[in-house]
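Given the structure is predicted, the values throughout are model-derived calculations rather than measurements. Note on naming: letters A, B, ... go to the chains in the order of the sequence lines (proteins, then strands), and numbering restarts at 1 for each one.
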There are 4 protein chains.
Amino acid sequence: MSTVPAFKRLPRAVREQQMLDAAVKVFSRRGFHASSMDEIAEDAGISKPMVYAYLGTKEELFVACLHREGTRMMQAIAGAAAPDLPADVRLWRGLRAFFGFVGAHRDGWAVLYRQARGEQPFAGELATMRTRLVEVVAGMLDHALRAEGREIAAIDLEVVAYALVGATESLADWLADHPEADPEKTATRMMNVAWLGAGQLLHGVTWRPAAD
Amino acid sequence: MSTVPAFKRLPRAVREQQMLDAAVKVFSRRGFHASSMDEIAEDAGISKPMVYAYLGTKEELFVACLHREGTRMMQAIAGAAAPDLPADVRLWRGLRAFFGFVGAHRDGWAVLYRQARGEQPFAGELATMRTRLVEVVAGMLDHALRAEGREIAAIDLEVVAYALVGATESLADWLADHPEADPEKTATRMMNVAWLGAGQLLHGVTWRPAAD
Amino acid sequence: MSTVPAFKRLPRAVREQQMLDAAVKVFSRRGFHASSMDEIAEDAGISKPMVYAYLGTKEELFVACLHREGTRMMQAIAGAAAPDLPADVRLWRGLRAFFGFVGAHRDGWAVLYRQARGEQPFAGELATMRTRLVEVVAGMLDHALRAEGREIAAIDLEVVAYALVGATESLADWLADHPEADPEKTATRMMNVAWLGAGQLLHGVTWRPAAD
Amino acid sequence: MSTVPAFKRLPRAVREQQMLDAAVKVFSRRGFHASSMDEIAEDAGISKPMVYAYLGTKEELFVACLHREGTRMMQAIAGAAAPDLPADVRLWRGLRAFFGFVGAHRDGWAVLYRQARGEQPFAGELATMRTRLVEVVAGMLDHALRAEGREIAAIDLEVVAYALVGATESLADWLADHPEADPEKTATRMMNVAWLGAGQLLHGVTWRPAAD
DNA sequence: TATGAATGAGAATTCATTCAT
DNA sequence: CATGAATGAATTCTCATTCAT
């Protein structure tokens with residue numbers, strides 16, 4: 001009786017989510033520039049001035065989308081890997097969570113993420129999000145290293161993490177473009193490359209997830 | 001002392017290059033949408049109609065930029081790796097050539113490449129270029145595998161290649177953003193991740209380029 | 001004293017009419033191509049975007065003008081001639097109504113009509129309108145023929161009607177160009193040519209309207 | 001060996017005709033505004049500056065086309081009707097010549113004529129041409145009247161002539177749009193309307209050309 | 001004579017954004 | 001709270017027209 005309470009005079013919080021839903025949808029379909037505030041407002045079933053009143057300018061709106069989706073993604077990954085597990089298990093779980101998220105939000109996050117690249121106004125936002133990821137990965141590596149009593153220059157760590165994140169994003173794109181592909185399988189492949197490297201792969205070594 | 005005779009009535013070929021230079025510069029600074037034909041024309045030291053006459057529409061102009069830069073890059077990589085070398089050497093040389101190119105064309109290619117992502121009109125062009133890269137890498141892996149008498153499903157190969165290319169692009173971005181970084185060193189780092197994988201890196205294994 | 005409350009925030013229907021008024025005026029003065037949306041908007045006392053928002057593209061705007069004026073004209077002629085009257089009386093009344101309309105809308109319809117000719121995009125629209133006229137005339141002739149129990153090939157009828165319509169339009173142009181001329185007199189002249197033909201005119205026969 | 005003398009360095013007069021041919025063709029296809037000097041020049045197989053050098057501005061070029069085609073048409077009609085023949089025969093011959101010309105130059109003159117209407121820059125030119133026609137017709141009528149010792153106010157004559165010319169032009173349009181139609185038959189139909197009028201046509205009277 | 005190179009000027013169209021109700 | 005009405009400001013693209021060679 002009350003899932004959609006008659007469509008009018010909704011509390012602000014609800015309206016904002018509707019708008020963000022619409023915005024994510026439109027932005028992901030059309031891209032940032034090709035999306036018009038008109039279309040977003042219409043899609044949200046609300047008038048333009050409301051959008052401005054609640055979420056502000058077009059850029060601010062896009063940033064709000066980024067934030068919401070980014071937060072959701074980080075949450076999805078967050079709980080995946082307990083710090084006391086071995087490094088490869090942690091990495092694997094993180095990847096599985098990540099690709100699972102992307103698979104479930106294909107035209108949501110993945111495309112949204114794609115939109116943010118290259119649009120200078122959002123370079124900052126995007127960098128922040130990626131940095132968070134990079135830090136997670138770098139942290140994981142560092143943790144593992146310390147466990148073995150070794151160390152690597154911070155910059156090396158960062159660069160390695162960067163490469164891993166880049167590879168992951170690239171496969172996420174691939175996944176978003178191949179609707180029939182299986183997220184978990186994709187995660188496994190990624191894990192193979194990331195953990196074993198091309199060298200070992202070429203020699204027939206493979207990495208397989210332990211049964212959970 | 002007179003390579004460019006004064007400033008006017010240059011032959012078409014010359015003007016086209018000037019325009020492409022300007023376009024690459026402006027596009028890379030501002031991004032595709034934020035760049036105006038006015039600015040590009042002005043920067044090329046010529047009037048807008050000439051740009052339209054020679055290179056066509058804004059989109060066509062951008063595509064022309066993509067082509068020129070893409071071709072240059074592929075050429076830079078092309079001769080780098082003879083097929084009869086061991087796989088790791090080939091990969092290493094390819095990476096070195098690639099990062100060398102990016103390092104030399106920082107605000108040219110790297111940024112241009114960034115712009116192309118996410119802008120739907122260029123998805124096709126970009127996909128084509130990336131596919132060429134992926135094929136090169138996949139081909140190299142395949143070659144190495146056959147040499148050992150083993151085989152991998154084509155799709156796996158593609159996915160691995162995708163991941164490697166993604167990681168490489170990601171580091172290229174990083175390189176483009178860190179003007180002080182050394183391309184060759186970056187290539188080495190990339191090689192480490194790509195060839196050895198995080199697992200071995202964590203155990204202190206490292207890959208080092210043989211003296212050329 | 002306040003039919004138009006100040007000058008701002010008028011309802012859409014009103015604004016649309018203002019715009020159409022301005023458009024008809026400008027188009028008729030300058031012709032389709034020489035008219036700029038700027039001038040039309042300014043003349044309508046509104047900004048360009050509103051014109052686009054309400055009436056669309058320049059071509060669509062022109063078509064809207066054609067429609068409005070065409071409809072008005074057909075309405076003016078519509079009631080003029082009851083089908084049970086003799087053919088000459090019906091023709092006469094139709095002509096009188098038509099020239100009356102043109103006389104009253106000199107720089108409106110007549111000139112607008114002139115603009116539509118030759119501009120390929122509007123060939124269709126114009127043909128439609130003219131066809132309606134031709135059909136009216138042809139129908140009238142056909143009706144009269146059947147009353148006498150005779151028949152003419154449909155194509156002959158069409159061609160005759162075409163000629164009559166052409167002659168009428170030509171005189172309408174003449175009328176629009178001679179502001180001092182009397183519409184009713186022009187209608188009478190047209191009636192003479194149309195009904196009696198040059199042959200009888202030369203022999204001193206004349207047709208005169210019966211007192212209404 | 002010399003119909004087309006090698007394509008270069010032709011005498012001015014020849015070049016001008018080539019250009020006019022091209023211009024008539026392009027103008028008639030595209031209409032005045034949609035025709036570009038580029039296309040005309042290309043179609044004439046010559047460079048733009050030459051067009052400007054020989055025929056001047058775009059408007060002047062169009063006027064030149066009008067003149068050439070108009071002159072040709074007047075010449076085609078000119079000899080058709082000796083002044084000592086009866087009025088109906090003269091009218092008939094004139095019409096036959098006119099429709100014959102139009103039929104032979106369908107996409108040339110007819111369309112060109114259509115283009116000139118409505119484009120204000122050519123109102124004058126076109127009016128001149130039409131006036132010449134109107135005068136011919138009016139003169140013919142006047143001549144016939146005087147032969148019978150009667151007279152009509154000059155303005156009435158003009159108006160009648162206007163109507164006849166309008167009807168004729170209208171049928172010419174019709175003819176130009178119906179490639180399968182027979183010019184001579186069209187002329188006959190026009191003659192019927194013009195000479196007998198709708199009144200007599202409805203009563204079954206018809207006019208038939210005497211055997212030549 | 002003939003032309004490739006070059007441009008000034010203008011036109012349509014679109015959008016993010018804000019009043020006034 | 002909500003919205004229809006309204007606009008300033010760009011931006012792409014086109015074309016007739018003219019130099020300089």
If you assign D/Y54 and B/S47 each to the DNA chain E nucleotide with the nearest heavy atom, which residue ends up on the more 5' nucleotide?
D/Y54
Spacing of C/M50 atom CE relative to E/dT13 atom P, expressed in whole Å
17 Å
Calculate the interatomic distance between D/I46 atom CD1 and E/dG4 atom P; express it in whole Å.
12 Å
Hey, are A/Q17 and A/R68 close enough side-chain-wise for a donor-acceptor pair under 3.5 Å?
yes
Would you mind building the protein contact string for nucleotides 14-21 of chain E? One character per nucleotide, 5' to 3', B for base within reach (heavy atoms under 4.0 Å), S for sugar-phosphate only, - for untouched.
BBSBBBS-
Would the number of heavy atoms belonging to other residues, nucleotides or ligands and lying under 6.0 Å from NZ of D/K58 be above 12?
yes
Could you tell me if the side chain of A/F27 sits less than 4.5 Å from the side chain of A/I40, heavy atoms only?
yes
Are any of A/R15's side-chain N or O atoms less than 4.0 Å away from OP1 or OP2 of F/dA2?
yes
Would you say the side chain of C/T57 lies within less than 4.5 Å of the side chain of C/F62, judging by non-hydrogen atoms?
no
Looking at residues at least two apart in the chain, or sitting in another chain, which of them share a side-chain hydrogen bond (donor to acceptor under 3.5 Å, both in side chains) with B/E16?
B/R12
Contact summary for C/V26 and C/S35, nearest pair of heavy atoms:
O-OG, 3.4 Å
Closest non-hydrogen atom pair between C/L10 and C/Q18, with its separation:
CD1-NE2, 3.4 Å
Salt-bridged, A/R30 to A/E39, with N to O below 4.0 Å?
yes
Tell me: CD of C/Q18 to P of F/dA5, nearest whole Å?
13 Å
Length of the line joining A/E16:CD and F/dC1:P, which is rounded to integer Å
11 Å
Which atom pair, heavy atoms only, marks the closest approach of C/Q115 to C/F32?
OE1-N, 3.8 Å
To the nearest Å, give me how far apart CD (D/E39) and P (F/dT14) are.
14 Å
Would you kindly give the CD-to-P distance between B/E42 and E/dT7, to the nearest whole Å?
12 Å
Dot-bracket notation for DNA chain F, counting Watson-Crick and G-U pairs under 3.5 Å, with | for partners on another strand
.||||||||||||||||||||
